[in-house]
Each structure stands twice: as structure tokens, then as C-alpha cells.
Asks: 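I'd like to ask you about the structure that follows.
Read the numbers this way: they start at 1 and go in the same order the structure lists the ligands and their atoms.
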Amino acid sequence: MNGEDISAHRGASGPKVAIIGGGAIGLAIGWRLATAGARVDLFERAEPGRGASWAAAGMLAADLEVEPGEERLHELNRESVQRWSDFAAELEAAAGFDVELRREGTIALALTADEASELRHRGEFQQSLGIDLEWLSGAELRRREPRLAPGIATAAFSPRDLQVNNRRLVAALDTAFRRAGGRLHRQTEISAVAISGSRIGGVVAGQSLHGADAVVLAAGAWSRAIAGIPREALPPVRPIKGQMLALRMNPDAPLIRHVIWAPGVYLVPRRHGSLILGATVEERGFDRALTAGGMLSLLHAAWRVLPDIAELAIEESWTGFRPGSPDDAPILGPSGIDGLVLATGHHRNGILLTPITADEICRCVLSGEPSEIIRPFGIERFRPKTIRQPNMKAPSPNLSPEARGISWHDEVERPLSPPGRGTG
Ligand code: FAD
């Protein structure tokens with residue numbers, strides 16, 4: 001196979017595990033499994049960490065993001081954020097460099113009376129969940145962030161939300177995974193999984209079958225494009241496009257220090273002077289186009305709260321694909337096929353959920369059972385809702401849905417969720 005890392009499985013004698021996908025999720029699971037003594041082969045069709053995990057803003061905003069109906073997901077997110085500090089420290093020690101975990105917290109802003117009433121409404125709901133949220137006076141806001149536009153109607157500070165540099169995160173995971181004895185196959189696409197009876201046998205790359213005791217599907221927004229997975233085990237994941245851009249600040253005099261949320265945009269300052277503006281939320285399949293409208297909406301929304309951005313150079317712009325699921329929560333744990341474990345559908349929270357996904361999927365692979373905390377996020381939650389389109393031909397289980405010409409929403413009852421607010 002191409003790009004094989006030959007520093008293989010040093011001394012490991014545990015189960016043979018194949019991981020499909022080298023984003024933050026696949027790499028972190030691989031690192032945990034290799035550290036626990038498993039013989040891990042991770043297959044990445046391009047370069048590791050260049051999918052959604054590269055495109056993300058790295059906000060770990062469990063508290064400020066939660067909305068009514070997301071209470072259960074908030075518990076998972078909250079637990080993952082709590083694990084972030086230890087996870088980052090362990091990873092930094094394993095990789096030998098830091099991932100820029102920052103703890104300044106997040107400030108949400110409203111400019112108009114309508115926006116203020118929405119922010120108050122959401123904030124009161126968040127406080128009812130026990131979330132630590134502080135309403136800031138105008139003077140207090142200016143003290144914390146003096147460059148913000150004058151006349152901001154309302155501001156709420158969420159102290160427990162963190163941020164991490166997600167590009168450093170994936171680089172650190174790549175290093176830590178290989179140092180733990182994991183074998184990384186770059187530029188190696190998995191075309192299919194091999195199943196015999198009701199048990200996983202391995203993965204297929206090119207003409208080669210790579211045998212494994214367990215396979216973890218962590219292919220992000222592309223998780224449905226792998227052949228051989230029976231329909232009922234195929235996670236209902238779809239790409240949700242996000243456009244973003246980065247401006248260049250003077251790192252010695254950054255315009256802001258906190259992560260700022262404003263209507264239609266978030267602003268994330270990085271240590272070395274980048275100011276990330278994100279992100280659109282678009283149902284456009286795998287369309288990579290950067291559009292004038294997308295850039296304009298982000299720049300305009302950011303300029304309303306931080307007018308000094310007008311002077312900054314544009315550093316970079318990009319698109320990425322969140323692995324969305326029908327209820328915006330991840331799909332974690334057993335698939336129904338013995339040995340095939342799912343770790344996908346992390347939507348706008350995959351960086352935030354990396355520590356808990358890595359720990360709990362590692363446990364699940366080694367024990368065969370999902371832990372209590374991930375049990376509510378299994379694929380079964382979509383099964384009772386399965387309906388079949390009356391005029392659909394019965395598809396061959398060996399073809400991917402794309403090859404069969406159907407998309408996930410042919411198979412689940414829920415409608416596509418409407419584009420959400422401009423968050424991760
Ligand atoms: P990916 O990083 O996409 O990795 C999947 C990998 O699988 C890719 O590298 C791909 O090449 C590989 N692959 C696919 N098919 C195959 C195959 N057949 N064989 C081999 N390899 C394959 N989350 C947060 O927590 N905070 C944020 O602030 C945030 N902001 C975001 C902003 C944007 C614009 C976007 C797009 C996402 C954001 N997210 C954020 C979400 C987060 O990025 C994702 O949830 C997370 O990165 C998903 O990780 P992953 O490893 O599952 O997917």
C-alpha cells in the first residue's frame with residue numbers, strides 16, 4: 001500500500017484494529033488504542049488531518065452553544081470539555097509540542113434589541129441548566145475587549161468555554177499516534193469493508209485486503225461512501241459545508257483576546273496573530289466553492305462588532321465539510337456488525353468531542369460494549385424511524401449509497417435540518 005509507515009506496532013500484542021479516516025477523530029482513537037497495546041493501522045486517503053479537522057475554528061464551546069432540545073448532547077460536550085485539559089497535557093507530552101489550548105472564555109454579543117432579546121432568552125435557558133454565564137455591563141465589556149464597536153446592546157461571558165488550535169491538534173495526534181506504535185497509511189483510500197457472515201474481516205485498499213479484528217469508521221462527512229457496509233449499519237451522515245477566512249493581526253497587539261460570538265459570525269484569535277472568522281452553514285453537498293456572498297456575510301457581520309478589521313490583510317480562506325447527522329449529535333459505538341465500530345457524525349463539535357470520543361471508542365473497541373456515556377449516541381436511535389421509499393429498488397448491500405444513487409435522507413424519516421446559526 002502507498003505511504004505505509006514502517007515503524008509498525010512496536011511490541012504490541014493486542015487486537016488488530018483498522019481505522020478508516022485520519023482526521024482528529026480517527027487519529028485520537030488510534031493514539032488511545034495504540035497506547036493501550038492494540039496493533040493499529042490507520043488509513044487516510046489523503047494527508048492526515050486535512051479534512052474538517054483542518055477547516056475547523058477549534059472552539060470548545062459546550063456552554064454557549066447549547067440550545068433547547070440539546071440537553072443530552074450538552075452533557076456529552078460538557079464532559080468532553082472537562083477532559084480537554086488533561087487530554088491536551090498528555091498529548092503535548094507525547095508529541096513534544098503544544099496545541100495552544102486557551103482558557104480566556106467566550107463572549108457573546110448582541111447589537112440590536114431583537115438580537116439582545118434572543119441572546120437573553122438563550123442565556124436564561126443556559127443558566128437554567130446550571131451553566132456559568134455572566135452578563136457584562138458596557139463598561140466591563142470595554143475593559144475586557146476595548147476594540148469592540150461602541151453601543152453593543154448586550155454581552156454574555158462564558159468562562160468555561162475553551163479554544164484549541166485544531167491544526168496543531170491534528171499534527172500532534174499524528175505524531176503521538178505513530179510514536180505509540182500506530183501504523184499510518186497515508187494516501188491510502190479504503191474502498192470497502194470486508195464482512196463475513198455478520199462479522200467484520202478487515203478493510204480493502206486497492207487490490208489488498210487488510211485483515212483486522214475490529215474496524216473503526218471515522219471517515220467524517222465521507223463515512224457513507226465505503227462499500228460493503230449493510231444499509232442498517234451505514235451511519236446517516238451528510239456533509240454540511242462551511243466557509244471561513246482568516247485575517248492577519250499584529251500578534252503583539254491582537255484586536256481581541258477572547259473568542260467572540262456575534263450574530264452571523266464568530267471571531268477566534270490565534271496566538272500567532274491569525275483572526276479566524278467563521279462560518280457559513282450550507283447544505284450543498286461536497287461543493288468546495290468559496291463564494292462572494294459567503295465571504296461578504298462573514299466580513300460584514302465581523303465588521304459590525306470589530307470595525308478595525310477593515311485594516312487587516314486577508315491571510316487565508318477555505319471551505320470544509322462538517323459530518324452532520326440528522327439530530328446534530330455524533331454517532332458512536334457498535335454498528336450492529338460484529339467488530340465494526342462507528343465514530344462519526346460529530347457535526348460542528350468534532351474538535352470539542354475529540355477527547356471523549358477517543359477514550360470511549362477505545363474502550364468500546366477493546367470491550368465490545370459502549371460505555372454509559374456514549375450509549376445514547378448509538379446508530380440504533382435512527383433505526384425505528386427507518387422508512388423505505390415505495391418506488392426504490394432494493395439496493396445491493398455491497399454498493400455505497402452514492403453508487404446506488406440514493407442519499408441518507410431516503411433512509412431516515414427526519415427531514416434535513418434547516419441551516420443553523422453561524423456556529424462551528
Ligand atoms: P475529518 O477531519 O473530515 O476526517 C475524516 C478523514 O477521513 C479525512 O481526512 C478524509 O480524507 C478521510 N477519509 C474519508 N474517506 C476515506 C476513505 N474511504 N479512506 C481513507 N480515508 C478516508 N468543531 C469544533 O469542535 N469546534 C469548532 O470550532 C468547529 N468549527 C468548524 C468549522 C467548520 C467550517 C467546519 C467545517 C467544521 C467545524 N467543526 C468544529 C467540526 C469539526 O471540524 C468536525 O466535527 C471534526 O473535524 C470531524 O472530525 P473527523 O475526524 O470525523 O472528520
Asks: So, 4.0 Å and heavy atoms of Thr344: is ligand 1 close enough to count as a contact?
Replies: no
Asks: Sequence neighbours left out, what pairs pass ring pair (Phe, Tyr, Trp, His ring centres under 6.0 Å) with at least one residue falling in residues 230-249?
Replies: none
Asks: Minimum distance, heavy atoms only, to atom 3 (O) of ligand 1: which one of Gly26, Ala52, Ala55, Gly220 is it?
Replies: Ala52
Asks: If I apply the N/O under 3.5 Å rule, does Trp222 come out as touching ligand 1?
Replies: no
Asks: Please check if any side-chain donor atom of Gln163 sits under 3.5 Å from a side-chain acceptor atom of Arg270, or the reverse.
Replies: yes
Asks: Polar contacts were defined as any N/O atom of the residue lying under 3.5 Å from an N/O atom of the ligand; does this apply to Glu47 and ligand 1?
Replies: no
Asks: Does ligand 1 have an atom that lies less than 4.0 angstrom from a heavy atom of Trp318?
Replies: no
Asks: Backbone or side chain, does any N or O of Ala46 fall under 3.5 Å from an N or O of ligand 1?
Replies: no
Asks: Look at the rings of Trp222 and Phe286 and say which category their plane angle falls in: under 30° parallel, 30 to 60° tilted, over 60° perpendicular.
Replies: parallel
Asks: Who passes salt bridge (charged side-chain N to carboxylate O under 4.0 Å, His left out) against Glu79, sequence neighbours left out?
Replies: Arg83
Asks: Do ligand 1 and Phe321 have nitrogen or oxygen atoms that lie under 3.5 Å from each other?
Replies: no
Asks: If you measure every N/O of Ala279 against every N/O of ligand 1, is any gap under 3.5 Å?
Replies: no
Asks: My understanding is that we take every heavy atom of each candidate and find the minimum distance to atom 47 (O) of ligand 1. Doing that for Gly350, Ser53, Ser80, which one comes out nearest?
Replies: Ser53
Asks: Given Asn165, which of Arg102, His272, Arg271, Glu100 fulfils the side chain to side chain donor-acceptor pair (under 3.5 Å) condition?
Replies: Glu100
Asks: May I ask you to decide if the ring planes of His300 and Trp303 are parallel, tilted or perpendicular, using 30° and 60° as cut-offs?
Replies: tilted
